[in-house]
2 protein chains.
Amino acid sequence: MALDVKPLYAQVREILRERIRSGALKPGSALPNEFALAHELGVSQGTVRKALDALTAEQLLVRTPGRGTFVREQTAADVLFRFFHIYNARGERILPDSRDVAVTRARASAAECARLGLMHTARVIRIQRQRTRDARPFMLETISIPADLFPDLERVDPLPNTLYDFFQRAYGITVARAEERLTATAADTTTAAALDVAAGAPLLCIDRTTFALDDRPIEWRVSHCHIGEGYYLARLG
Amino acid sequence: MALDVKPLYAQVREILRERIRSGALKPGSALPNEFALAHELGVSQGTVRKALDALTAEQLLVRTPGRGTFVREQTAADVLFRFFHIYNARGERILPDSRDVAVTRARASAAECARLGLMHTARVIRIQRQRTRDARPFMLETISIPADLFPDLERVDPLPNTLYDFFQRAYGITVARAEERLTATAADTTTAAALDVAAGAPLLCIDRTTFALDDRPIEWRVSHCHIGEGYYLARLG
DNA sequence: CAGTGGTCTAGACCACGTG
DNA sequence: ACGTGGTCTAGACCACTGC
C-alpha cells in the first residue's frame, strides 16, 4: 500500500475516472453538482472543482454553466476531430467514407500480441477497410482488435465509419488516447492496385495503437495512405 | 475597445505573457512571488496563481516549491524533446548531429512569403543542413527565416545544432509552437545521392512552420528524411 | 530559520440555461 | 425564480528550499 500521498483533488479525479471507466457513470449522464459530490466524498467544493476541471481538460467531462457536468459522449464528429488528422491541399480536413473489405477472426499474430498486450493464445478480430475520398480509394486500413473485449463484433455488418463512438455505445469502452508512428513506404503491388497508383509509389504509413481509459491497448491499426497533395497535420508545443 | 469581458485571471495571464514576449521578464529570471504580483496588479493571490498555473502548463514558466517562479529557459534538450519526434526501431529518440551545407540570404520566394507572412520585398535567410545519425546522413533540411527578425544570423558560423534555444539567447525570440505537415515523397536524384538511397525511394517529408509567442511565424522548415526502421511519433487525444 | 509554492477550505457574487 | 458552473477573494496549513 503506502501510497496515499497524492493530493486530495487527484484522489477525487481518480475516483471519478474509475466510475466512468467502470460504467457507474455512463456517457451522457449528469454528475451530481459540485456541492453534492463534495459532501459525498468528504472534501470541499473547491477540491471537487479542481478534479472536475482536470477531467474536463482530458475530454472526459463536458461542463455547461447553468446546466451541469456530464460524462462526455463520443460522437463521430468528435472522433474524427481527435483522431483523424489528414487534410487536403486546401487545408480542409478530409472526411472519408469507409468500406469494409473483410472482417475475420483469428489467433493473434506475434506482432498483434506485442502491440495489444495479448497472450499468444488470444484471438483477434481483423478488419480490412478501404477509405475513399470523392469516391476514389486513397487509404487502406488493417485493424486488429482483441476479440475478448469486443464479443460478436465480427457479426456487426456493416461496421460504422467511425469505430470509437461505436465502441463506447456498444461495449462501454471509451478511447482515451492513441499513438501514431508515421513512416514513408513504397506501395507493394496489391496496395498499388487497390489505390490506383504505380507500384513503388511513396505512401504515408500510419501505425496507430489506441488505448482505453485504463490505458490498456484496444486497437492496432495500420493505414497506408496515398495522400496526394494533402498532408497529415501534427501540432507541436 | 469594448473587450474587457475576459476573466481577471486571463487578463493577468496576458499581461505576464506580454512581459515575457517583450523581454521585460527575461528567460531564467524569477518572477515576484504570488502575493507581490497580486498586490501590484490589484487582484488576489488565488487569481494570480490561476494565471501562473496556466502559463506553467504552456511551458512558459517553471515553478519550484520553496524556490519561486521562473521564466522558462529554452535548452537544447528541451527543444529536442518538444520539437523532434523521430525514433529509431528500438523506440529510442534519435538525437541527430547537424552539418550546415549552405547559409544564404535572398529575397523571399512566393512560398516563403506565404508561409512566413512576409511582403514580397522581404528577405530571408536560408539554411541548408544535413542531419546525421551514427555519422551517416539521414535527413536533409531547408530552413527559411525572416532576415529582419534575425539580423546577422547568416554570419554566425557554425550555427548550433538546435536553433530554437539559440533564437532565445541571441535574439530574445521564444518559440511557442509549431505545425508539421507530413507527407511521403519519392527521393529525387540529388536528395537520393545525399542520403545514399536509390532515386525514387520513399522519404518522409516534414514541412514545419514555427510560431513565436505572439503567434507570428518565424521559421519555415522542410525536411526530407530517410527514416529506415525508425518512425515519427505523434500522440493523439 | 524565513520564504516559497502546493494544497485545501469557506464563502461571495455573477451569468447563464432551464422551467 | 432557481440551480448550475465560472469567477474571485481570503485565509489556513504543509513541504520544500536555501541560508
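Chain letters run A, B, ... following the sequence lines, proteins first, then strands; residues in each count from 1.
Rounding to the nearest 0.5 Å places CG of A:N161 at 7.0 Å from CG of A:L80.
Each of A:F35 and A:Y9 lies near DNA chain C, and the nucleotide nearest A:Y9 is the one positioned closer to the 5' end.
The side chain of A:R63 approaches D:dG6 more closely than any other nucleotide in the set D:dG18, D:dG6, C:dG5. The side chain of A:N33 lies closest to D:dT4, out of D:dG6, D:dT4, C:dG6. Listed nucleotides: D:dG5, D:dT9, C:dC8. Nearest to the side chain of B:V43: D:dT9. The A:S44 side chain lies nearest to C:dC8 when the options are C:dG6, D:dC8, C:dC8.
Whole-Å rounding puts the A:L61 CG to D:dT4 P distance at 16 Å. With rounding to whole Å, A:D53 atom CG is found 13 Å from D:dC8 atom P. Distance, B:Q11 CD to D:dG6 P: 18 Å, rounded to whole Å. Summarising the geometry, the separation between CD on A:E34 and C1' on C:dC8 is reported as 15 Å, rounded to the nearest angstrom. Protein atom CG of B:L41 is 11 Å distant from nucleotide atom P of D:dT9, rounded to whole Å. Distance A:H39 NE2 to C:dT9 C1': 16 Å, rounded to the nearest Å. Remark: P of C:dT9 and CG of A:L37 are 14 Å apart, rounded to the nearest angstrom. Going from atom CD of A:Q45 over to atom P of D:dC8 covers 15 Å, rounded to whole Å.
B:R93 CZ: more than 12 foreign heavy atoms inside a 6.0 Å radius.
Taking each heavy atom of B:L118 and B:A108 in turn, the nearest pair found is CD1-CB, 4.2 Å. Taking both residues in full, the closest heavy atoms of B:R115 and B:P217 are given as O-CB, 3.6 Å, listed atom of the first, atom of the second, then distance.
Side-chain contact, B:R63 with B:T69: a donor N or O sits under 3.5 Å from an acceptor N or O.
The shortest distance between the side-chain N/O atoms of A:T47 and the OP1/OP2 oxygens of C:dT9 is below 4.0 Å. Note on B:T69: a side-chain N or O is less than 4.0 Å away from OP1 or OP2 of C:dG5. Side-chain nitrogen and oxygen atoms of A:R67 include none within less than 4.0 Å of the OP1 or OP2 phosphate oxygen of D:dG3.
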